[in-house]
Each structure stands twice: as structure tokens, then as C-alpha cells.
Amino acid sequence: MKDQWKWGTDNDYWVRTCAWSAPGCHPVGCGLKLHVVDNKLVNVDGDEEHPVTNGRLCVRCLTLPEYLNHPQRITTPLKRAGERGENKWEPITWDDALDLIAEKAREIQGKYGMDSIVVIQGTGRQAALYAPPLAFGVFRTSTTLMGISGYSCYGPRCAVAEFVFGTGYPELDFASYFPDSYDHPGYEVPKYIISWGKMPLTSNGDGFFGHSLIDLMKRGSKIITIDPRITWLGAHADTAIRLRPGTDAALALAFLNVIIDEDLYDHDFVDKWCYGFDQFAERCREYPPSRAAEICEIPEHLIYRVARQFATNKPSSLMWGLTFDQTTTGGQASHAALAMLAICGYVDVPGGVTVGQPSTFLGKWRVDTRSNLAPGQFENRLGAKNFPAADRSQWVCNPDITLECLETDEPIKLRMAVLQSTNIISPTNNVQPQRWYAGLKKMEFTVCRDLFLTPTAVALADVFLPVATFPELDGVVLPHYGRNPFFVAAINKAIDNPGVRSDIEFCIQLGKRLNPDAWDYKDAVDFFDRQLHASYDFGFDELRHMGVYQGEYTYKKYEKGLSRGDGKPGFNTPSGRIELYSLLYPMWGEDPLPYYHEPYYSKYSHPELAEEYPLILTTGGRKYTSFHSEHRMIASLREIDPWAKVTIHPADAEKYGIQNGDWVTIENWLGKCQMKAWVSEVIKEGVVHCEHGWWYPEQEGAEPNLFGVWKSNVNLLLPHFCVNPLGFGSIYKEMMCKIYKAQGLDG
Amino acid sequence: MTKPALLINYEYCTGCHSCEIACRNEHGIGLGKWGIKMLEVPPFQIDEEHWNWDNAPILTSLCDMCADRIAAGGDAACAHVCLAQCIEYGDFLELARKASEMTGKVYVISNQ
Ligand code: SF4
Ligand code: SF4
Ligand code: SF4
């Protein structure tokens, strides 16, 4: 990349930057050029020099000018003027807002203890990185979490990787560590790539640039998708397996059954680097393809075919998606999927999966912020004792227990909430949004940080603080939040907007008021400069000039003593090997080997409900036009996706008298919502897929309507606390429902 | 040069809509209008194993083949950002020749 990151004149210039929320997306760090005239963003273009994205951009980044300059966007702190929910506000200055928050925090924590403040974060945005330090380092509370049942987004997959592999996140090797990309000497294009319970093209999950898959397809990779739906990728796949939602663990065990039974695995790797193969093989024998075919409701021959293709074409790879977090035995499916990679010899090799180093940039600082807590505070955070496995791998409170705590005031009465980039009452990550709504209504004081007045802000906030978009901030972007960082890249401020603050600026400025010793940084640039110098031989200004810094990647770290803290060969697990048989799980009351059991709610586990609720409800599929509950006010994007959509198979549509484009009600014993039907063969018969994230910014914002947040709110149909013994898992992908024709959005 | 055109390797067009928005940005085209519009053949099943899902961008009268960008030594805005990198700007006949040597779903399109 060229050295220059800013060019043009004083009031008409271009700035090169790398993207990371807001507006929302994962830390993908795509390359952009921003055109600014008179301190206003007038156009964007892709940066062709970016080593991964080469100029490519999604519509969410292409509509940045519309987003930044949107008339409904809030660019000054607001204080509630009327009652909560009336949507009446008065502007206040940043200083007054920060003073008020500091004063309230001191008063409440003085009376009720440090942990009576809860910090709740959303996903994907920078808040995901900075909310725990905000809690620990600024408020010195241990009560912090993302409000998602079963921690079921990314955390469980990271935990299983940590327990089984002893590594960071195993990601498909897409040559992203190398400036010369796919041409890097020694890099190999994967022969087969299994995309499992994931929509990489639209989601760009956790920092994987989704359309890299297209690059690999053009270079010869063949795709296998495993999903109840045929996605575009599935339609272009070598094989697409449409399984019954929630049965992934059975399928993974059957693949392993074939790979072991037909002796297709990598003996050398298994002998040297895997632990517990014999017991593991015995468990897999319980899952012959005939059994899995019946459970998953798929053709048996596809199991043989995919298992053979995957194991015998070296290297191949596997991408494991959100489904692995959001199903009852998803944790077991994760264990089994990682075992597939391991016994075929695809771990930490070119064209298999890369695995992150144990400790990375910003990671140590984030852990260190816990030292601001009093002794015992962190260890006793909400739910830590109930789920020791989650306690060990997640820094946050147990989300299901926190919801119950909000309702019962046990074991602690929470008094103040700080909502960091979470629209928690909209159907985003949280199940039972009406219960979060009621629980958070009880707060004495609530701060909401976002870019627009969301339903959550209107319903709950006393103070609203506007978040900076990435063209308005200096920062860094770190794919996989550091758990497999292909690079570290500079986010460069292009616009000076004094009315908004980035998350780290908010931490520093409030930190100076509440806990100054921990926040002696002058500003964001000073913070990143010092953090970068602690890990690399360059600072922030050098990073701006580099644009993207790609470190070295070493394959087969386990052979070289680079995977464990002690410098010995092997993996960072109790046995020093990849644990096909987990030595940790029995400590936590979990089976050491992967297994399958029925979803919490299915026609087999609850036959008595199946007559009334015959359809399987699955949610959470991604679109190009929005990030979770964001972007609904962006007219160019709403033009493409105007309404919440439910996908239903033609045979089911006919049964229930539904035509393409009809409004329908999706309902079960917990709640109901309305969406527009897309009747298509892409979905497995008997399954409906409901989009998440919907609210309607064009509607009345005040209570009770709250921008129509309850109307297409599929999370009203989802129960909480459907977790496994580790505290992980949930039912976002495998609930029961019925569906019938409605008159419109209101039912 | 015969005339400017785009080669669309629509085997890979994922339907991301980026070309549409990039073209609008470049030319100040408002809502409800397009210089390029991605059209979708809704997905359908061919047989037990095979599916069809085609997306195909079409040029409208508002496309000027990015004359200014090309004159300045750049490429077409839509091709620049296309997530699937399935749009290539060039000379119609040369692109047609190139397309004839490609396998899979491909067309050359111009509105000039
Ligand atoms: S993946 Fe798409 S939306 Fe996300 S940062 Fe990159 S271009 Fe923007
Ligand atoms: S070539 Fe230029 S004007 Fe034509 S469709 Fe592409 S972006 Fe629009
Ligand atoms: S940008 Fe490319 S992949 Fe996206 S819709 Fe247009 S042609 Fe298709």
C-alpha cells in the first residue's frame, strides 16, 4: 500500500482508512477511500491497494454518506425531557453528560455497591472490544455482558476451540496473512471448503472477508454447504446438504464415523498430536450414516460422499458458523467439527485452518483492566459460579442469569445500566426482549450509546450519547478481535465531528472522571500509539502510513513450540494435544466426547406441541443490506429490503394458504410476529426462516409503538436458558411455530 | 476501440447490489433509478442435486460507461467495488473475444 493516507486540499481531500463500525460490521477492516468536502463525507470508493479486499465494498459501506449525513442521526448528547418512552429530549454538552453519568455512578455505587451498574454491549461494533474495559476499568463493575442467551454468538465457538485445540479461533486459511495473498509461496488453495451453518458472503463473520470464498472458487476450491436453506453459495456448491435444524452434531459425528471407519484420517497427525482417539472413535461408531440420515432427514449417500471428499482431498477446510452457538448440542457439533479438521490433518497447515496465537495486541490490556476490580469481584460476577466452563472462557456475566437477576433482584438489585451499541429490545441477539425491556425499565438511571434513537434508547434511556462512525474516529481494526488477527490496520479520522465520540474516547473521558489512574491517555491516538508500541516496533502514525500491517504467519506452530506458553511442542491443552477426548469437560459435568441429542423443542422432544406448532422456526440469516438491527433508516437499503421476510417452502405455503408476498403471522406459545412471505424451494420443507433485527424507524417512536419494535420481533417466540452443562447453546436456530395469513404488519 | 462495454461473469454474481450503489454514488443518481441494476432469476431446483440461482446486472440509459473515471485513468465504479469481481470494463470486441474463451455463464453488455 502507498505511504500516503491523506491527499487533496485543506477543504477537499481524500482519506484512506480501514473499516470497522459504526455503522455496524464485524472487524473486517476493508479498505476505503473517503472523499471529504468542507468537513462533510461526500463519496466513498474502495481501496484497490488493500491486500484482502482490493477495492471491493458492500452496500453498507457504499451508503456511508447517506448514513453519516442522515437527518435522523443524533450528533449531540441528549438528556431525557419527558417521561421515559415519550421520545422527548433536550441537548446537553458532552462535559455535562459525562459529569452527570459520573455523579450518578458514584451515588449509585456508593449506596449499593460497585456491581449494581450493568454494562451491556451489542455485537460486532467496536463496543465488543471496549465494553469490558469500560465496565472493569471505568465503572469498576464486574456486571457486564452481551444480552444473548447461552453466550451464543462466537463465545462458545472460541471456548470450544480453547478447550479442544488450546488456540484462538480456527479460521479458513484464505491467505489473508500474506501481502502477496494467494500467490504466497507455500500457500495452498483448499480443495473443498465446507461452509456449515454460516453465510460468509453476507455476514463477513468476525473479520473473514466473505467474498474471499469467491476468489477461492475461481481458483478451484469446491464448496459444500450445510444449512437448512439453499443460499446463493449453496446453489453454486458441489454439494448442499439441507439438514433438519439443530441436528448438526449428529451429522458431524457421522462424517467422522465414515472417515474413521474407512481409514481416511491422517494417522501421523493423530498419533503425534491428538489425545483420546480410541474412545473418540468408539463414540463415532454410535453414529453410522444411516442413523444420522434419519435424524438429519437427509439422503444417506451425501454423508459418505462429503466425508470422503473432505478427508481425501488435501488440504480441505471447514468454516463453522453461528449455528454452532445457537443450537442445543451446537457445542458438541463444534467439538466434532474441530475433530474433523484435526484427524484429517488440516490444522495450522496451508489451505486448512489458521489458528490464532495465544496472546495478541490489545488482549493483555483488556485482561489487565480487570485489575481495577476489588479482590473477588470478578470471580463472583453474575453466574460465574453456576457455569465454571463459561466462567473460564468468557469474561462476562451469564446472560440468562442476568435476565433473571433483572426480574427478581437476586442475587443483586441492579440500579444503573449502560447500553453500549445494543438495541436490546429489538430482535437482535437477545431472546425474550419483552422481559429485558421490563427488567431494564426498573433502572434508576440508564445511559444508551448509539447513532440513532433506537426503540431501546427511546424506551429506556435517560441520557443518550452519540457514537462516532468510523470516518469520524482514529482507531485500529483487528480481525477476529485478536483471536486470529490476519492483520492490524489503521482507522483514520476523515471528519471532525465534535458531537460524537468513539468507544475508546468515551472510556478515556469518563475514565478520567471515575478512575483516573487507569486512564492517563491523552486521547485515542495516544492510547493506540502506546498500545501498538507495547506489541510492535511501530506506533499509530507509522500504522497510518502502512495502512495494513500483516505480521508473519508460521504454520505448524505445534511442531515448533509456538503454540504453548511454555515453549514446548504441542497444543495448549491439559494433555498438550488436540483433545478429541476432553480432559476438561468432565470437571464441568459435561461428556468428554461429542454427542447429539434432540433440540430442546422439536417434534421428538415435545411431540405434544408438534400438532399445534408443526413447523421448525429458524432465524438469524444475514443480508447485504443491514447489520443486525442497523440500517433500517437508510432509504437506499430499505429500497432493496423493505420488510421483514419469512422464507417458507411452497408445499408448506400451500398447506397454510399463503402466497408469495403475503403478510403472515408466525406464532407459538411464547409470542407472535408479522413478516412478509417469500415462498421458495430454497428452504427445507417443514422449516421457516424468519429474519431478525427488524424495527421501523419511519413509524412513531414514542411508547407504546416504539418504532414498531414488537411487530416483526421474532425473538418474542424464543425461550431463554436452553443451555448445555457448560452454559452454552440456545434455540435461535431450532424453535417450533405455526404460520398463518395476516392482514398486514399489525396482524 | 469499437465501443466501451462490460464483461459480466455472472457465474459469480452473488447479488450483492454493490454495483448499483457505486454507480449511483458516482453519478448522483437518486432512489428508484439506476445506471446498473442487478436482476435476479429466482432460485429453483433443477434436480435432486442441482440448483439454479442467477443474478445478472443490466445497464440502463443512465450508464455513461464511467467516461470521466476512465478518462482519468481509473476503472468503472461498478467494476471497482464488485464483491465478486465479476465485472470487467473494456472494449466490446476484445471482451467478446475474451468471453468466448471463458467457460460458464458470461455476457458482454453495452448501452452505447
Ligand atoms: S465487510 Fe462490507 S460492510 Fe463490512 S466493513 Fe467490509 S465492506 Fe464494509
Ligand atoms: S460503468 Fe459506470 S456508469 Fe455504467 S453502470 Fe458501471 S458505474 Fe454505472
Ligand atoms: S456488484 Fe458484482 S456481485 Fe454484486 S450484484 Fe453487482 S455484479 Fe453482482
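These values consider heavy atoms only, across backbone and side chains, with no hydrogens, waters or symmetry-generated copies. Chain A is the first sequence line, chain B the second, and so forth, proteins listed ahead of strands; every chain is numbered from 1.
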- Query: With chain A, which of B/Cys86, B/Pro43, B/Cys16 has the greatest number of heavy-atom pairs at distances under 4.5 Å?
  - Reply: B/Cys16
- Decide, yes or no, whether a salt bridge links A/Asp227 with A/Arg242 under the criterion of side-chain N to carboxylate O below 4.0 Å. no
- Under a 4.5 Å heavy-atom cut-off, does chain A meet the side chain of B/Gln45, its backbone, both or neither? both
- Query: Taking A/Asp652 for the side chain and A/Gly686 for the main chain, is one N or O donor matched with an acceptor at less than 3.5 Å?
  - Reply: yes
- Query: Does a side-chain heavy-atom distance below 4.5 Å link A/Trp7 with A/Arg16?
  - Reply: yes
- Name the region of A/Arg638, side chain, backbone, both or neither, that has any atom closer than 4.5 Å to a heavy atom of chain B. neither
- Item | Residues in residues 45-53 of chain A near chain B [non-hydrogen atoms, under 4.5 Å] | A/Asp45, A/Gly46, A/Glu48
- Task: Indicate yes or no for a side-chain donor-acceptor contact from A/Ser221 to the backbone of A/Tyr192 under 3.5 Å, with no hydrogens or angles considered.
- Result: no
- Contacting moiety of A/Asn54, where chain B heavy atoms sit under 4.5 Å: both
- Does any N or O in the side chain of A/Asn204 come within less than 3.5 Å of the main-chain N or O of A/Gly210, such that one atom is a donor and the other an acceptor? yes
- Do the non-hydrogen side-chain atoms of B/His80 and B/Arg69 ever get within less than 4.5 Å of each other? yes
- Task: Tell me, for B/Cys82 versus chain A, whether the close heavy atoms (under 4.5 Å) come from the side chain, the backbone, both or neither.
- Result: backbone
- Would you say A/Met633 and A/Glu698 make side-chain contact, with heavy atoms under 4.5 Å? no
- Under 4.5 Å to a heavy atom of chain B? For A/Leu201 that would be side chain
- Which of the residues B/Arg24, B/Glu20, B/Glu26, B/His50 is involved in the greatest number of heavy-atom pairs with chain A at under 4.5 angstrom? B/Arg24
- Item | Under 4.5 Å from any heavy atom of chain B - which part of A/Lys218 | both
- Query: Does B/Glu49 pair with A/Arg305 as a salt bridge, N-O distance under 4.0 Å?
  - Reply: yes
- Task: Measure A/Leu302 against the heavy atoms of chain B and call it side chain, backbone, both or neither at under 4.5 Å.
- Result: side chain
- Message: Please classify the contact of A/Ser636 with chain B as side chain, backbone, both or neither, using a heavy-atom distance under 4.5 Å.
- Response: both
- Query: At a heavy-atom separation under 4.5 Å, does A/Ile640 approach chain B through its side chain, its backbone, both, or neither?
  - Reply: side chain
- Verify the distance criterion only: is there a donor paired with an acceptor across the side chains of B/Asn52 and B/Asp54 at less than 3.5 Å? yes
- With the side chain counted from C-beta on, respond yes when B/Trp51 and A/Glu681 share a heavy-atom pair under 4.5 Å apart, and no when they do not. yes
- A/Thr231 versus chain B, heavy atoms under 4.5 Å apart: side chain, backbone, both or neither? backbone
- Query: Can the ring centroids of A/His236 and B/Tyr12 be said to lie less than 6.0 angstrom from one another?
  - Reply: no
- Under the ring pair (Phe, Tyr, Trp, His ring centres under 6.0 Å) rule, what pairs show up with a residue in residues 17-39 of chain B, not counting sequence neighbours? none
- Query: Using the benzene-type ring in the case of Trp, are the ring centres of A/Phe627 and A/His26 under 6.0 Å apart?
  - Reply: yes
- Task: With a 4.5 angstrom heavy-atom cut-off, could you sort out which part of B/Asp75 is near chain A: side chain, backbone, both or neither?
- Result: neither
- Which bit of B/Cys78 is near chain A, if near means a heavy-atom gap under 4.5 Å: side chain, backbone, both or neither? neither
